[in-house]
Each structure stands twice: as C-alpha cells, then as structure tokens.
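I have placed the structure first, in the form of structure tokens, so that the comments after it can refer back to it.
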Number of protein chains: 4
Amino acid sequence: MRLRDENKRKLIVQTAIRLFSEQPFHKVRLDDVAEAAGVGKGTVYIYFKNKEELYYSLVYEGLAELVERCRAKIAEQPTSYRENFLVIIEGLADHAVHHPQLFEIMRTVAIPDASSMWDAKRREFSELMEEVIRHGIAAGEFADPHPERTAKYFMAMIRAVMLYGSGVTDPKDLAAHVSSTLLGGIAKKSP
Amino acid sequence: MRLRDENKRKLIVQTAIRLFSEQPFHKVRLDDVAEAAGVGKGTVYIYFKNKEELYYSLVYEGLAELVERCRAKIAEQPTSYRENFLVIIEGLADHAVHHPQLFEIMRTVAIPDASSMWDAKRREFSELMEEVIRHGIAAGEFADPHPERTAKYFMAMIRAVMLYGSGVTDPKDLAAHVSSTLLGGIAKKSP
Amino acid sequence: MRLRDENKRKLIVQTAIRLFSEQPFHKVRLDDVAEAAGVGKGTVYIYFKNKEELYYSLVYEGLAELVERCRAKIAEQPTSYRENFLVIIEGLADHAVHHPQLFEIMRTVAIPDASSMWDAKRREFSELMEEVIRHGIAAGEFADPHPERTAKYFMAMIRAVMLYGSGVTDPKDLAAHVSSTLLGGIAKKSP
Amino acid sequence: MRLRDENKRKLIVQTAIRLFSEQPFHKVRLDDVAEAAGVGKGTVYIYFKNKEELYYSLVYEGLAELVERCRAKIAEQPTSYRENFLVIIEGLADHAVHHPQLFEIMRTVAIPDASSMWDAKRREFSELMEEVIRHGIAAGEFADPHPERTAKYFMAMIRAVMLYGSGVTDPKDLAAHVSSTLLGGIAKKSP
DNA sequence: AATGAATGAGAGTTCATTCAT
DNA sequence: AATGAATGAACTCTCATTCAT
C-alpha cells in the first residue's frame, strides 16, 4: 500500500496551472494534464473529484496564497498608511509577476457562484484591501467616498497590465505606478 | 454564411450574448442558442461559421460598439481635458451598466490570439484611451509616466466594479468615482 | 431535414435484442449495437435515453407483444376451459419458440423496480393468466387454492424448458406437456 | 488465491451475495463488496481470481448446497414416491425461502457457458430431479412422457413464486401447492 | 434559406486489477 | 496476508457539425 503523496497533488496542480493558462478550460483535456504530470488519468480523480473541481482548486489556492501574502504585508507595523500602501501593492504586483498564469486562470474562471469557495476567497481579498483604506481614512491620510470600490481597483489594475501589457517584468515599477495613480492621481497639481 | 436576414442574425446574437454571459463557453450548447433564439440549429451555421466564431463575434461587436461610443465622446470639443475625461468615463460606465452581459463575456473570453479580430479591437480601445491621456499631458493638464498603463486601468476599474460590485445601477456615480480616483487619487492633500 | 424514421428504431431494437441475448448487459457495448445496426452511435441516443432504457424497452416491448397475443387467444370463445387452456399455452409456447432471445433477455433483466414499466407489463401478464384460471374455477372445471401462484407457473415452466432444455423446436409438443402437467398432473390415476 | 482464513472468505461471500442480489452484476463494484465486508480491496483478490469468479462462486456454492440438501432428502427411504415427492419439494421451497437472495442471483446469472462449473451443478440438480420422476414411473406411481422437462419445472415454479409472489414465508404451503399441482393438476376430477 | 435527424470524434469518468509497502 | 494508491483500458454519453429534405 502506497501512501497518499502530497507531492503528487502538487505536481498535478502545477501542471494544471500551466495547461489551463495556455488554453481555455474546454480545450484542456484531462488526459493531457495527467500525461504532462506524468501520472495516470485515474490518479487525477483520486485527488480531485472532477475536471471542474481541479480547475477551481487552482483558482482557490492561487487566491489563498495571494491573500496570505497581503495579510502578512498588512500585519507589519505601518509607518504611514501611504508608505504601507505601496508595500502592499508591491506584494501584489510581485505575486502577479511571479505567477502570471494564475492571473490568466482567474480571468477565465467561470461566473462566480456565490457559494463557491474561490469566490469567497476573492471577497476575502477585497475586504482585506478595503480595510486598509478605511484604516487610512480613519488615520486622516486617505479620503475616499467608496473604499469598497477602490478595494476592487487594486487587483483589477494590476491584472489589466499583466494580461494586456506587453510583458511587465519589474513588479516594483508596476507597483509604483499603480500606487501613485491611486494615491495621487494623474492630474497635474496646480502649484 | 450568407447574411440574408439581418434581423435573424441579430436575434441569434442577442440570444447568444445572454447565454454566454450566464454560462462558460463549453457549457453553452449550440442547440440551446438555436432553441432560445427560436431558429433551427442549422440556421446558426448559415450566419456564423462555427461556435467559436459566433462567440468571438459577440466580443468583437461588443467592443466595436464601445470603441465607437468613446470615439464619439472624444470627438466632441474638449473644454478642458479634465472635464472631458469624466465624460468619456461616463460613456464607458454607461455602456457597462446597460450591457453588463457583454462585460461578463469579455472577461471570460479566451486567451487572446494576437491575430484575432477582437483582440485588435481591444487594442484599439486601449490606444484610444492612451491618446486621450497623451493629449492631456501635452496640454499640461496631466502628468503620467505610463499613459499606456493608465489607459488599461479605465476599463479594468469599471469592469471590476461591474463584475464584483453588488449591482451598480448608477453609471454617473461609478464614473465620478473612477474619474476622481484616476485624476486626484485618494491621498488627502495637505492644505 | 430528414424525417424521424420508425424503421430505424425497429432496426436498433432488433439488433439490440440479438446482442443482449448473446451477452450479458455489461458486456454489450453501445458502439456494438450501433455498428451492428448500421447507424451512428449518436442515433441510438436519439431514440433511447441511454443504454438502460434501450434494454428495458426490449423487455417491455417483448412482454407487451406476449400479453397481446395471449389476450387475443383468451378473447376467443371458449368451448371448454380445459380446451381453451391448451390454446393459450400453445400461444405462449409458440411465442417463446419464435422469440427465444426475448426469454433470455427477460431472464437476465435486473431486479424489478415496482415502478418500472416492464414490471407492470409482467404483472399484467400474470393477472391475465390468473383470470383464466378463476373463470375455469367459476365454471366448475378447475379447482385451485392458489390461482395467483399457478398463474406464475405458466411462463416459468415454459421458460425453464426454453432456457435449459436442449433446443425445443415444437411449440405444440411443449404446450401439450405443460398443459397436461398443469391440468392433470403426473400422478398415475388409480383406475 | 490462497484460502488462508476460511472465515474471511465466508465474510466476503456473504457480503457479495447480498450486494449481487440487490444490484445487477455491473452495478456492484468490487470496492463496495470490499468495503461492506470490511476488508481491503486487494484482499478480495486473494480469495477470488476476479469479479466474475467471485460472482460465479456464489451461484455455484448456492446450487451445490441446494443439490446436497435434495440429495439428502432423496436418500431417505421412500415410503411411496408420491409422499417422497412432497418432501423433496419441501426441501427445495425451504431452501428458497431461507436464501431468497441466492434465487435472485441464480435468476440473473449470465448466459450459461456449457463448460462452466455452475452450469454443471445446475444440470446435476436437474438430473437428480429427473431421476426421482423416473423411479416413480418405474414404480408405477407416475406417468410422464417428458420427465426431463418436468424436472425443470420444479425449481422454475418455486422460483416464479419466490421472485414475483409477494413475500411467501411459508415453505410448507408453497411446497404443497407446487407438489399437488405437479402431481394432480388443477383440473377437477370427474367423479 | 431553413431545418433538425444523423453522425462520430472525442471527452470525462469509472472501476477492475495490480503491486509497492 | 493485507492493503488501498495508482493505473489506464474501456465505457457511456455529448455535442459541434453536416446535409438530405
């Protein structure tokens, strides 16, 4: 009796991320995933109930890692919220640059079912960001009539550049731009 | 694929938009589209080469309408670029609120093939927006080190709120927030 | 547009009867049925919801034909119930000899679900036979404490011989034996 | 297939009898048998070569027990063949009532392969019954032109009632009816 | 032009069987 | 001996596409 191997699961996940980021869901065959991962077709079904669950697992786990990373950044003591803001967006951009495939997968993910786990994770991320803004407002550093909307802008902006920008490779640069745009806007200040 | 009856074509398109915005590509059957549109299955093939082309037609036509609308706004004489900025974003938000399904479809559209018609249309939109910013910079009203990125933020921000914000119904309000965030940022100005 | 062809359905049914009588359910592949019938695999699914429904259709239709045949025999005016008895069993035996495969299929049919159509048909047959016996009792020709059981013996006896007897080919002979056994028994009458 | 632990084998057999009598062959998964029996899946393969052999073992062993039981009845000295007849049928009915699942399995057992062990056992049973009738004929108590057929009627009649009769619980009553029908028939004797 | 019956390649999934532990 | 993770052949069923009518 072989023992259930957590590495095997990870192997399947990594392979699936690659394939699903290259092709849309319906063009990726489970046979391909299995073969590319070097496991039997049935093995995939030991670790994932079906193709759809495999797919959503990728989204969920990708988001979960992102949330964790941001949570860690936020936990650090802020000197000022403005500076902290940049750090968080940097973390987000860094993650995006290092996992560009996950952004692609998140983009094509199907209509969110309110009950789905991955959608809950997405909302968790959104609420985390919202909280940051609200703290900044409370501290008198930010002014925003719709923090819940601005919270959604973070990832949207980074994603837009990741998906359609031609090969961003410097997360710091990207983060700086997003951060300065969100904080200061592009309108020239009258002196 | 002859286009005899333009009304019939529109009927199919409208039906397809609805179905594709409710289900991911692979879960929408051509039978469903035909039945919901009240035409025979074969009829769809008279107007569209195949399922994929039908799908991309929706994206393309949706984007084309959007580009047209923005182009019209831009053509209007600007009083100031700042004010014009709001008008354009209002047009974009208005379109989004009135065609939420198209946004859903655009979101899930498959990996862009650089040669695809719809992707060209997407780039066209992006370039249009970039041009607006560059004009503003030239006029001394805007300052932006990466107008090509900011151009991508427009739709991304609106889309983020459309998709995940709970039922935005006032395009003016949405546009005002996006516009003020992009223009002035959320950082409190020191007096 | 081709018209739905009732002959095509019959073709599939006939082919399926043959294959299911040669192999147990799980060894018959739908591909084989389709290929043997000379139709596409998908065509079978136009006429039957799935493999199981195809299978039960055979049983149902076989039984329905049998019931019809017996009903016709019974409708004929009886001279005496004893004589009539033979005629019915002859009909039954005749049917069995001409459709030996249906008996094989009926034998292997899965556990009857009380709600299944084919089982209702089976009960209909049983009740028909029971009625015959009861009429005979009423007419003073038969004496039987359990007509509902005897009704079940009819087909069971014929089936037993059909399935395990080595190639009965004369239905009259088979019917005569069943009939005389049921009517007179095998015990030698003391003179 | 080594038979180390005879109890474990019996456990598997008993579990399999239950499951196979509830579902047709192809719906019973070996996993289910193993789990229901509380043993590992691989363990079943230690005691039985494969699923088919497990299945046929049930049939074979069920028939073997039945044959043994009848042989014992027959071995007893007959007072008269008529009386002895009843005793044998009673044994058969008794067995049926106490092992209804085995009757269900025997019914659905696949097409007999003349070379299969279980079919040989079935023939053995048939021949045993035939012999009883022939002895009766030789003793002048019975008259039957086709003892080989009547031999097949025994079990068929009991089975018919077992399978489709609504819950027979009294084997004596069932045996009495089968016996009297076979011996004396249902036709009213003219005085 | 319009249809929907027919098709069959191809996909997801199952499950009997194996075998490392 | 016992196990259950791993396997992949084989299965059912779907559905985009075709084409006779």
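Throughout, a chain's letter reflects where its sequence line sits, starting with A, and its residues are numbered from 1.
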Quiz item: What is the nucleic acid contact for V28(B), judged by heavy atoms within less than 4.0 Å: base, sugar-phosphate only, or nothing?
Solution: sugar-phosphate
Quiz item: What is the distance, rounded to the nearest whole Å, between atom CZ of F48(D) and atom P of dT18(E)?
Solution: 16 Å
Quiz item: Nearest 0.5 Å, what's the CZ-OG distance between R122(D) and S116(D)?
Solution: 8.5 Å
Self-check item: Short N-O contact, R159(C) and E104(C), less than 4.0 angstrom
Solution: no
Quiz item: Which nucleotide, in any strand shown, forms a Watson-Crick or G-U wobble pair with dA20(F), with both distances under 3.5 Å?
Solution: dT3(E)
Quiz item: To the nearest angstrom, how far is K51(B) atom NZ from dC15(F) atom P?
Solution: 8 Å
Practice problem: Under 4.0 Å between any heavy atoms, over every strand shown, what does V44(B) touch: base, sugar-phosphate, or nothing? Just pick one. | Solution: nothing
Quiz item: For D5(D) and dT3(F), what is the distance between atoms CG and C1' respectively, to the nearest whole Å?
Solution: 15 Å
Quiz item: Should dT14(F) form a Watson-Crick or G-U wobble pair with both distances under 3.5 Å, which nucleotide is its partner?
Solution: dA9(E)
Exercise. Could you check how far CG of L11(C) sits from C1' of dA6(E), rounded to whole Å?
Key: 14 Å
Quiz item: What integer distance in Å separates N50(A):CG from dA11(E):P?
Solution: 17 Å
Quiz item: Taking only N and O in the side chain of Y47(A), is any of them less than 4.0 Å away from OP1 or OP2 of dA5(F)?
Solution: no
Quiz prompt | First encountered from the 5' end of DNA chain E, between R29(A) and K8(B) | solution = K8(B)
Exercise. Identify whether the distance between the nearest side-chain nitrogen and carboxylate oxygen of K27(D) and E52(C) falls below 4.0 Å.
Key: yes
Quiz prompt | Interatomic distance where CG belongs to D31(B) and C1' belongs to dT3(E) [whole Å] | solution = 12 Å
Exercise. Run the salt-bridge test on E61(A) and R9(A) with the 4.0 Å N-O cut-off and return the result as yes or no.
Key: yes
Quiz item: For dC19(E), does OP1 or OP2 lie under 4.0 Å from any side-chain N or O of Y45(D)?
Solution: no
Quiz item: DNA chain F: G42(A) or G42(D), which has the more 5' nearest nucleotide?
Solution: G42(D)
Practice problem: Rounded to the nearest angstrom, tell me the gap between atom CG in D32(C) and atom P in dG8(E). | Solution: 15 Å
Quiz item: Can you check the I46(C) CD1 to dC13(F) C1' distance for me, whole Å?
Solution: 13 Å
Quiz prompt | L30(D) vs G38(B), nearer the 5' end of DNA chain E by closest nucleotide | solution = G38(B)
Self-check item: Nearest listed nucleotide, side chain of T43(B), among dC13(F), dT3(F), dA2(E)
Solution: dA2(E)
Quiz item: Taking atom types as they are modelled, is there a donor-acceptor pair under 3.5 Å from the base of dT17(F) to the side chain of K41(B)?
Solution: yes
Practice problem: Could you label the plane-to-plane angle of the F20(C) and Y55(C) rings as parallel, tilted or perpendicular, counting under 30° as parallel and over 60° as perpendicular? | Solution: perpendicular
